[in-house]
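Proteins get letters first, then strands, A, B, ... in listed order; numbering begins at 1 in each. Side chains included, hydrogens not; waters and symmetry mates left out as well; all remaining heavy atoms used.
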Amino acid sequence: MIAAVAELARNDQLAEQFDLLADLMELEGSDGFRISAYRRAAARIRETPTSVAQLALDGKAVKLQDIGKTIEAKIVEIVEDGEIHALTKRKLVVPAEVATFMRLPGLGPKTARRIWQELGITTVAALQAAAEAEQLRGHAGIGAGTEAKILTALAQPKATAGPQRALLGTTLPKLRAVVEVLREHPASVEVSLAGSARRMRETVRDLDIIATATDPKALVDYFCALRWVVDVAARGSTKATVVSHDGLRFDLRVVPPESYGNLLQHFTGSKDHNVALREDAVRRGFSVSEYSVTIVETGEEHSFATEEEVYRFLGYRWIAPELRENGGELAAARLDAKKRGELPDLVELADLRGDLHTHTTWSDGKDSLEDMLAAAKARGYAYYAICDHSQRLRGDLLKQQSEQIDALQELVRPLQILKGIEVNVRPDGTLDVSDEDLASRDWVVASVHSRFDHDATERVLAAMESPYVDCVGHLTNRRIGKRPPAPVDVERVIAKAAETGTFLELNSQPDRLDLSDVNARAAREAGVKVVIDSDGHQIGALDYVELGVGQARRAWLTKDDVLNTRTWKQIQKLQKQRA
DNA sequence: GCCGTTTTCGGCCCGACTGTTTTCAGTCG
């Protein structure tokens, strides 16, 4: 049933080659601007929601920012020959493990290069042995301190894999709790999250808090003395880093109130957003630092108490943190008419009118139907779909559950209970529930739950052909940090969704967040409506939709792009005509 | 290698910290 489709390299695979090429060139000591051009191109390719390989084949990749003729040609090389020719050549010159040297903390390309070229060390094992034997010290720029650093880094498990990131969903509540206690302290004035957590990135590493205070030292002292702090890694009069019992690092910076806006903007990032902002500013005669904006010609310095003022002074509308990834938000936010784009009015948590994917003890949920409904009602939802797994609801059980829902409906008004189901997509693409049973449900989510690599795309396409399938659940089945996304051809799925009128779920489970931001943005651009739901298996999990909304905002989704911002009546009009 | 509200050539973000050094290159965010 499945035609062999020539597999184009995915965007992340293209990006990886450009990043590696940049690393190897850096180790060779090539021109820094060419290197950063490759890195920028890699970042741009990763952020692009459509197939950049296809764009390059069509000669349209050059329309993307940071991609010119040369890089487009290199993308075509990957498509045709599997690898950038220059990368193939450089791999013969630079030993494979040398590239991992520069990923050790404290080591950079320059030092890694010296270790390789001046000392002839080409493997991690040899590097460790040399450091232990104190043979590195004395060579250009390396002393006992650097040797010790190398040994410490290599002693950590997976030292070369880069630092671990924590899930936003598990971290955000803790971070907010810290912000709350700091706000309650008498010396604090403003306290805000910053960094990737404020941008609602799906995973986070450093937890940044920015504050102003009447007595900075008092606030820092209080922060360092919080009872869950197990280690104070750094401490000054306006700044401290502490480690919690679960290994999270919290950074507090107390800044002068007159430049709180500049500093909050700076520490919210992303790095790419800030670099692009500053480059754009330079072209227009400004110099932007974390403390102020300087008008280069006059030397006049401007500090601002709010982010809104910083952006306005530089000629932009205020940009929501979730958009600050250098994904076109700067052009869209420009205030001057000629360049003005469309900064979207992003969807908000309060826009959600209901949850369209939840579970109960009828399948693998932890809380009962009654309890889940009470929680949904307490949230103020207008409708709420019970979507227990089809495997557990065979035959009479489905009818029994239906009767219980009918019995409860009057009790929970005005909440409207929807009789949903999460139907399993089998390895051959068929559904494991009869059409007759599906036809009896108000809302049908179809999900793949096994053999993720087996015909990942074709199974989903087949499921969407069913007139009863309203929505595809957790499309790629990734588990962040545990399981990579299945090799789903997201573009084809989105095209089929548009053609069949199927909706795509943005599953809000902290380790799923599937659709990813890039995929959700692609859905939006194709006009496919996205459903933000919790997939909640217990009462507390209903809160996860906040993470889904964050992800949706990162994907530039507006209220209109999200299906369940509508009333149930409006949604019914958008559902497929059932046969 | 890319890019353009000074430009198709000549630029390319900014500041802090660290370790190895006597004034700074390399690294980091």
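Residue A:Phe33 and nucleotide B:dC2 are not classified as a stacked aromatic pair, given the requirement of ring centres less than 5.5 Å apart at an interplanar angle below 30°.
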Determine all donor-acceptor pairs shorter than 3.5 Å in which one atom belongs to a side chain in residues 31-38 of chain A; sequence neighbours excluded.
| from | atom 1 | to | atom 2 | distance (Å) |
| --- | --- | --- | --- | --- |
| A:Asp31 | OD2 | A:Arg34 | N | 3.2 |
| A:Ser36 | OG | A:Gly32 | O | 3.1 |
| A:Ser36 | OG | A:Phe33 | O | 3.3 |

Less than 3.5 Å apart, which donor and acceptor atoms pair up between the side chains of residues 141-150 of chain A and the rest of the protein, not counting sequence neighbours?
| from | atom 1 | to | atom 2 | distance (Å) |
| --- | --- | --- | --- | --- |
| A:Glu147 | OE1 | A:Arg137 | NE | 2.7 |
| A:Glu147 | OE1 | A:Arg137 | NH2 | 2.7 |
| A:Glu147 | OE2 | A:Gln135 | N | 3.4 |
| A:Glu147 | OE2 | A:Leu136 | N | 3.0 |
| A:Glu147 | OE2 | A:Arg137 | N | 2.9 |

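Checked against salt bridge (charged side-chain N to carboxylate O under 4.0 Å, His left out), A:Lys69 has no partners two or more places apart in sequence or in another chain. Among residues two or more places apart in sequence or in another chain, the ring pair (Phe, Tyr, Trp, His ring centres under 6.0 Å) test is passed with A:Phe267 by none. Scanning for ring pair (Phe, Tyr, Trp, His ring centres under 6.0 Å) contacts around A:Phe304 gives A:Phe313, with sequence neighbours left out. Partners of A:Tyr544 under the ring pair (Phe, Tyr, Trp, His ring centres under 6.0 Å) rule, at least two apart in sequence or in another chain, do not exist in this structure. Scored by the side chain to side chain donor-acceptor pair (under 3.5 Å) test, A:Asn11 finds no partners at all (sequence neighbours excluded).
Atom CG of A:Leu104 is separated from atom C1' of B:dG26 by 15 Å (rounded to the nearest Å). Going from atom CG of A:Leu207 over to atom P of B:dG29 covers 14 Å, rounded to whole Å. Taking atom NZ of residue A:Lys110 and atom P of nucleotide B:dT20, one finds them 17 Å apart after rounding to whole Å. Atoms CZ (A:Arg103) and P (B:dC28) sit 12 Å apart, rounded to a whole Å. Between the P atom of B:dC2 and the CG atom of A:Leu64 lies a distance of 12 Å, rounded to the nearest Å. Atom P of nucleotide B:dG29 and atom CG of A:Leu264 are separated by 19 Å, given to the nearest angstrom. Spacing between atom CG of A:Asn274 and atom C1' of B:dG29 amounts to 10 Å, rounded to whole angstrom units. Atom pair A:Arg283:CZ and B:dG10:P shows a separation of 18 Å (rounding to whole Å applied).
A salt bridge links A:Glu307 with A:Arg198; the closest basic N to acidic carboxylate O contact falls under 4.0 Å.
Taking the side chain of A:Lys149 as heavy atoms from C-beta on, and the options B:dC12, B:dT18, B:dT27, the nearest nucleotide is B:dT18. The side chain of A:Arg205 lies closest to B:dG29, out of B:dG29, B:dG19, B:dG1. In the set B:dC2, B:dT20, B:dG26, B:dC2 carries the atom at the smallest distance from any side-chain atom of A:Thr70. Listed candidates were B:dT27, B:dG29, B:dG19. Nearest to the side chain of A:Lys271 is B:dG29.
Nucleotides B:dT20 and B:dT27 are separated by 13 Å at their C1' atoms, to the nearest Å. The same atom, C1', is picked in B:dT18 and in B:dT23; the two are 15 Å apart, to the nearest Å. When the P atom is compared between B:dC9 and B:dA16, the two are found 38 Å apart, to the nearest whole Å. Straight-line distance between the P atoms of B:dT6 and B:dG1: roughly 28 Å, to the nearest whole Å. Taking atom P in both B:dG26 and B:dT21, the straight-line distance is 13 Å, to the nearest Å. Atom name C1', nucleotides B:dT8 and B:dC3: the rounded distance is 9 Å, in whole Å.
Within the 4.0 angstrom heavy-atom criterion, no nucleotide atom of any strand lies near A:Ala73. In this structure, A:Tyr38 reaches the sugar-phosphate backbone alone: every heavy-atom distance under 4.0 Å involves primed, P, OP1 or OP2 atoms, never a base. Among the atoms of the strands shown, only primed sugar atoms or phosphate atoms (P, OP1, OP2) are found under 4.0 Å from some heavy atom of A:Leu107. Within 4.0 Å (heavy atoms only), A:Ile67 reaches sugar-phosphate atoms of the nucleic acid but no base atom. Residue contacts shown for A:Gly269 are absent, as no nucleic acid heavy atom lies under 4.0 Å away.
The salt bridge (charged side-chain N to carboxylate O under 4.0 Å, His left out) test with A:Arg46 is passed by exactly one of A:Asp66, A:Asp19, A:Asp12: A:Asp19.
The side chain of A:Lys69 places no N or O atom within less than 4.0 Å of a non-bridging phosphate oxygen (OP1 or OP2) of B:dC2. Residue A:Ser36 places no side-chain N or O under 4.0 Å from the OP1 or OP2 atom of B:dC12. For B:dT27, one of the phosphate oxygens OP1 or OP2 lies less than 4.0 angstrom from a side-chain nitrogen or oxygen of A:Thr111.
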Please list, for nucleotides 22-24 of chain B, all pairs of protein and nucleotide N/O atoms separated by less than 3.5 Å.
none

Under 3.5 Å between N/O atoms: give me all the protein pairs with nucleotides 14-17 of chain B, atom names plus distance.
| from | atom 1 | to | atom 2 | distance (Å) |
| --- | --- | --- | --- | --- |
| B:dC14 | OP1 | A:Ser287 | OG | 2.8 |
| B:dC14 | O4' | A:Arg278 | NH1 | 2.9 |

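For A:Arg249, the CZ atom counts as loosely surrounded, since its 6.0 Å shell holds 12 or fewer non-hydrogen atoms of other residues, nucleotides or ligands.
A heavy atom lying under 4.0 Å from DNA chain B marks none of the residues of residues 298-327 of chain A.
Under the salt bridge (Lys or Arg N to Asp or Glu O under 4.0 Å) criterion, the residue pairs touching residues 167-192 of chain A are A:Lys174-A:Asp246, A:Arg176-A:Glu546, A:Glu180-A:Arg183, with sequence neighbours excluded. For the ring pair (Phe, Tyr, Trp, His ring centres under 6.0 Å) condition, the pairs that include at least one residue of residues 197-224 of chain A, sequence neighbours left out, are A:His185-A:Tyr222.
The aromatic rings of A:Phe250 and A:Trp228 lie tilted to each other, with the angle between the two planes from 30° to 60°.
In this structure, OH in A:Tyr291 is found 11.5 Å from CD in A:Glu301, a value given to the nearest 0.5 Å.
Nearer to the 5' terminus of DNA chain B, by closest-nucleotide assignment, is the contact made by A:Gly145 (compared with the other of A:Met102 and A:Gly145).
B:dT8 is unpaired under the criterion used here, namely a Watson-Crick or G-U wobble arrangement in which both key atom distances are under 3.5 Å.
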